[in-house]
Amino acid sequence: LASGPVVQPAPTVDGFVETFLGELNYGQGVLLSQSTVNDQYLALARTVRRYLMADWLETGARRRQAQQKTVAYLSAEYLLGRQLGNNLLATNLQDVADAAMSRCGIDIASLRAQEVEPGLGNGGLGRLAACFVDSLATMDVPCIGYGIRYEYGIFRQTFEGDRQVEVPDSWLSLGSPWEFPHPERQVLVHFGGRTEEVTDENGRVVCRWVPDWNVVGMPYHYMVPGHRNGVVNTLRLWSAKATQAFDLQIFNSGDYAEAVRAQTFAENISKVLYPEDSTPQGKELRLQQQYFFVACSLHDFIDNTLPHDFDLRRLPERLVVQLNDTHPVIAIPELMRILVDRKGFDWDEAWDITKRCFAYTCHTLLPEALEVWSVELLGRLLPRHLEIIYRINEEFLEEVREAFPGDEMLVRRMSVIAEHPERSVRMAYLATVAGSKVNGVAELHSQLLRDKVLPDFSRMWPDKFTNVTNGITPRRFVLLANRRLSDLVTDTIGDGWVTDLDRLRELEPYADDASFRAAFREVKQGNKERLAALLRVRDGLEIPQDSMLDVMVKRLHEYKRQTLKLLHIVSLYDDVVSGRVAAEDLTPRTVVFGAKAAPGYHLAKEIIFLVNAVADTVNADPRVAGRLSVAFPANYNVTLAEKLIPAADLSEQISLAGKEASGTGNMKFALNGALTIGTDDGANVEIRRLVGDDHFFLFGMTEPEVERLRPGYTPSMYYEEDARLRSTIDLLASGHFTGGDRQAVAPVIDNLLHQDAFMALADFRSYLDAQERVEAAYADPDAWSRSAILNVARSGFFSSDRSMRDYLDRIWHA
Ligand SMILES: CCc1ccc([C@H](C)CC(=O)N[C@@H]2O[C@H](CO)[C@@H](O)[C@H](O)[C@H]2O)cc1
């Protein structure tokens, strides 16, 4: 029995009920009659785990057996979303679970709603990591996702007086049934101290790190199930704790706080996710977090995953480490330290191995988002790593001098060490020097990486640079989120699309089928009614269901231009209240916002305030009732996205060209039958190319036009020259939406008129013209749904399975 296969409960209603009651009684220690919704949810989660356990253990055994090349995906963020629904889908147990719960007199929907989503990420980067590990499991690729098990994830957003208020996200407080702690795989991680030169047993002078404090990394394993393929990969998230729980001597001396200081200090490392998604704060704790999970992960793979006698010279055959942006780049000097200091490799050999193990993905174009760490901080926290970085840079600059003799300006420009404003390490440069491949996340982005962000490196190593356009998992964002559409598609072309999204192409002919179009419209209407019901309960918001649902959901950032959407709303409102346009001539439209602002990003928080203020006024004004309304449900997250995106008619992707690296929301909307209004930015370019110009509302400047306009850009000029814009801004500035308080709107208005760094005013006219084309198109529901169906049929490319195939072909060669 001990060595036999793991017994899996019978995938029948009986088997499920029996397992569930077992988990409730023995796991939760309660009778069904006494149990709370949370008891029932935890028991249900553990029941579903049992159905996945055999595959998980079997996959692990197969991986150990096969000794295949493994992808280690290093990401400081994973925006996983709720697990129950996805795991029921992966095991194809939704219907069995529904029946089993109702046999127990339980409405499974209330248990699904009980789950708190693990918000271990900020936005795009974190969600992409979650989609990628889902795809790799569904494609049966050996992959371990490594990250941090933050005790507190992304803050919960509430609104008080129309202003964002952050609430800590204690996602673990009601229990976390999807994680498995593995104390036997704990790792000791060092910090601080100094380095010294010693002569080792072979008489070699080697460098040694003498740290002065350390913490323990405790791994928690999460299941990453493939879609009905018997594969379950692992996500290994690290939690920090003190080596010594508390100091008994100090405790006995009565200084209780001091006795546990080490514990709290250590735990702080994985306490909370940094809520910034563009501007690094350069905080020491952030660097501690990065080194902590990187050190745990590399040690875990080399010491706990590889066979003990594995010859590390062959490491690149067994491991490829994908660096998810600059956040885990400290892994490069850490691997060098392991190979040279601990495993006794000489520098060149170690460097050759290291270079073949790493690859780096850049997710941004904002110069301020590229992390740099001061040598002062690095030298204090990680003295040995700083030494290693210095040597890597020295040898690299030699290479530059050889390739481009006599160009010291170039040498200084390419140096991993920046001299100004303070001596610091440019992590993106280090990743580019050490990485075998550097990729952007959309064609335009990867081109701008070569031309604008890392031009010197692209000139030196043209073949090192490549592109892999982002993707999203169709399991969560179509099959799980949009059951109505999935059933219609599967009834029409079968269910092959779920794991081969290009099959959606087979839908193309049905765009010309009136009955299919009608069925498609019913799907959208059903999703709208579901959303309306949710927002009524969740946020007390009423959204009219017979209006165009115009949705803008993403982090709040000036470059994403939520202000442009706001100007459009106010111009529509202004048209009616000024009498220029009759309300009945307005296409009924409901604009839905979803956006969190980084707590320290004040202008972003002012924009949130103004959107809410405008929403309150517009929604209360009878002159536009039933014609224009604005909804801003709080706390936009994966769970809300799953309800919002399937209900949308119009997807707002209106960033300034050259600023959004890719976007992934844009892909989710297209695949759920929404039409896009957008600029030629990020992956919008590829969406427009695939769905066709007739089925995409393009507007605004292109990236080269933006660059040409930037020098001497004077936003106020557009205000003076465009009467509609002036009227719109004047109405905003008048305090009309803030109870006459002009000061309340000043921060946003002043910024728009005098900075407008992301040129919302320059693109205003073109945007409004595009919105008029939207209204004209929406007036013909049949033509609109034809376009929407073609968007679905032609967006199979945006599957994260395809992205993974590209990484495998172009970067991992696994
Ligand atoms: C250090 C602060 C910080 C934290 C996160 C980030 C991320 C890179 C920001 C991010 O999420 N970028 C988004 O990544 C998505 C996935 O590739 C892209 O689709 C988005 O365009 C990009 O903004 C930058 C800086």
Side-chain angles (χ1 to χ4, degrees), residues 9 16-53 56 78-91 93-94 97 100-101 104-121 130 145 147-156 167-186 218-225 232 234-241 245 263 267 270-273 538 635 637-640 642:
F16 201 99
V17 168
E18 187 200 338
T19 311
F20 172 73
L21 292 176
E23 283 296 345
L24 203 54
N25 304 150
Y26 306 112
Q28 282 308 108
V30 293
L31 290 173
L32 177 57
S33 56
Q34 292 167 319
S35 59
T36 64
V37 173
N38 199 53
D39 288 326
Q40 294 161 8
Y41 162 67
L42 293 173
L44 176 59
R46 280 205 287 270
T47 302
V48 176
R49 280 173 17 169
R50 282 174 174 260
Y51 284 92
L52 282 165
M53 193 54 75
W56 199 12
Y78 288 92
L79 211 35
L80 296 166
R82 283 176 170 167
Q83 298 297 292
L84 177 62
N86 189 61
N87 290 345
L88 282 171
L89 208 64
T91 51
L93 282 170
Q94 316 98 282
M101 288 305 103
C104 297
I106 297 171
D107 167 13
I108 195 167
S110 64
L111 304 193
R112 286 173 186 269
Q114 181 68 16
E115 180 176 1
V116 177
E117 74 169 67
L120 308 179
I148 302 173
R149 177 187 179 265
Y150 301 102
E151 204 176 320
Y152 292 88
I154 187 70
F155 62 85
R156 300 214 185 133
V167 177
D169 168 43
S170 52
W171 69 286
L172 293 165
S173 56
L174 291 173
S176 53
W178 302 108
E179 63 181 18
F180 298 76
H182 279 271
E184 81 288 355
R185 295 178 79 115
Q186 288 183 123
M218 157 81 109
Y220 286 77
H221 295 184
Y222 295 74
M223 297 169 161
V224 183
V232 180
T234 298
L235 177 62
R236 190 165 286 137
L237 301 183
W238 300 94
S239 175
K241 58 192 191 86
Q263 175 66 355
E267 277 175 13
S270 57
K271 185 67 72 181
V272 63
L273 166 78
R538 182 185 183 279
N635 202 40
N637 58 14
V638 176
T639 303
L640 183 55
E642 290 170 11

S.K.: Taking the side chain as C-beta and beyond, is there a heavy-atom pair between W178 and L84 under 4.5 Å?
M.R.: yes
S.K.: Shortest non-hydrogen contact from G153 to V272?
M.R.: O-CG2, 4.5 Å
S.K.: Are T639 and E642 linked by a side-chain donor-acceptor pair shorter than 3.5 Å?
M.R.: no
S.K.: Checking side chain to side chain donor-acceptor pair (under 3.5 Å) between Q28 and each of R46, Q34, Q40, which is the one that passes?
M.R.: R46
S.K.: In sequence, state the C-alpha distance, the side-chain angles, and the governing distance for L88 and V48, and then conclude on side chain to side chain contact (heavy atoms under 4.5 Å, CB included).
M.R.: CA-CA 7 Å; L88 282 171; V48 176; 3.7 Å; yes
S.K.: Mind checking salt bridge (Lys or Arg N to Asp or Glu O under 4.0 Å) for K271 and listing every partner two or more places apart, or none if nothing turns up?
M.R.: E151, E267
S.K.: Who passes ring-ring contact (aromatic ring centres under 6.0 Å, His included) against F16, sequence neighbours left out?
M.R.: Y51
S.K.: Sequence neighbours left out, what passes salt bridge (Lys or Arg N to Asp or Glu O under 4.0 Å) with R112? Give chain and number order.
M.R.: none
S.K.: Stepwise, does the side-chain hydrogen bond (donor to acceptor under 3.5 Å, both in side chains) test hold for D107 with S110?
M.R.: CA-CA 6 Å; D107 167 13; S110 64; 5.0 Å; no
S.K.: Under the 3.5 angstrom rule, does the side chain of S35 hit a backbone N or O of V30 as a donor-acceptor pair?
M.R.: no
S.K.: Would you say the side chain of L640 lies within less than 4.5 Å of the side chain of R538, judging by non-hydrogen atoms?
M.R.: yes
S.K.: Measuring from L237:CG to Y220:OH, what's the distance to the nearest 0.5 Å?
M.R.: 11.0 Å
S.K.: Can you find a heavy atom in the side chain of Y78 that is under 4.5 Å from one in the side chain of L235?
M.R.: yes
S.K.: Answer whether the closest heavy-atom distance between the side chains of P177 and Y41 falls below 4.5 Å.
M.R.: yes
S.K.: Taking V232 as the fixed residue, which of T91, V224, N87, L52 is the one that meets the side-chain contact (heavy atoms from CB on, under 4.5 Å) rule?
M.R.: L52
S.K.: So, are R50 and E23 salt-bridged, with charged N and O less than 4.0 Å apart?
M.R.: yes
S.K.: Show the nearest heavy-atom pair for residues L79 and L120, with the distance to one decimal.
M.R.: CD1-N, 4.1 Å
S.K.: Given side chains that start at C-beta, do those of D169 and F155 come closer than 4.5 Å, heavy atoms only?
M.R.: no
S.K.: Is there a side chain to side chain contact (heavy atoms under 4.5 Å, CB included) between Q114 and L174? Walk through the geometry before answering.
M.R.: CA-CA 9 Å; Q114 181 68 16; L174 291 173; 3.8 Å; yes
S.K.: Test side chain to side chain contact (heavy atoms under 4.5 Å, CB included) on L24 and D39 and set out the steps.
M.R.: CA-CA 7 Å; L24 203 54; D39 288 326; 4.1 Å; yes
S.K.: Over all heavy atoms of both residues, which pair between W171 and E117 is shortest? Give the atoms and the distance, please.
M.R.: CB-O, 4.3 Å
S.K.: Does the side chain of E115 reach to within under 4.5 Å of the side chain of Q83, using non-hydrogen atoms?
M.R.: yes
S.K.: Within a strict 4.5 Å, meaning less than it, do heavy atoms of the L32 and C104 side chains meet?
M.R.: yes
S.K.: Looking at residues at least two apart in the chain, or sitting in another chain, which of them share a ring-ring contact (aromatic ring centres under 6.0 Å, His included) with F180?
M.R.: W56
S.K.: Using a 3.5 Å distance criterion without hydrogens, assess whether the side chain of T47 forms a donor-acceptor pair with backbone atoms of A43.
M.R.: yes
S.K.: What distance separates F20 CZ from L44 CG, expressed to the nearest 0.5 Å?
M.R.: 6.0 Å
S.K.: Would you name the heavy atoms of M223 and R49 that are closest together and state the gap between them?
M.R.: CE-O, 3.5 Å
S.K.: Quick one, Y222 and R236 - any side-chain contact, counting heavy atoms below 4.5 Å?
M.R.: no
S.K.: Which heavy atom of H182 sits nearest to which heavy atom of M218, and what is that distance?
M.R.: C-SD, 4.0 Å
S.K.: Do you know the tightest heavy-atom contact between P118 and G81?
M.R.: CD-O, 3.2 Å
S.K.: Taking only residues two or more places apart in sequence or in another chain, which ones pass salt bridge (Lys or Arg N to Asp or Glu O under 4.0 Å) with R185?
M.R.: D300
S.K.: Looking at residues at least two apart in the chain, or sitting in another chain, which of them share a salt bridge (Lys or Arg N to Asp or Glu O under 4.0 Å) with R82?
M.R.: none
S.K.: Any side-chain to backbone donor/acceptor pair from S176 onto E179? Under 3.5 Å, distance only.
M.R.: no
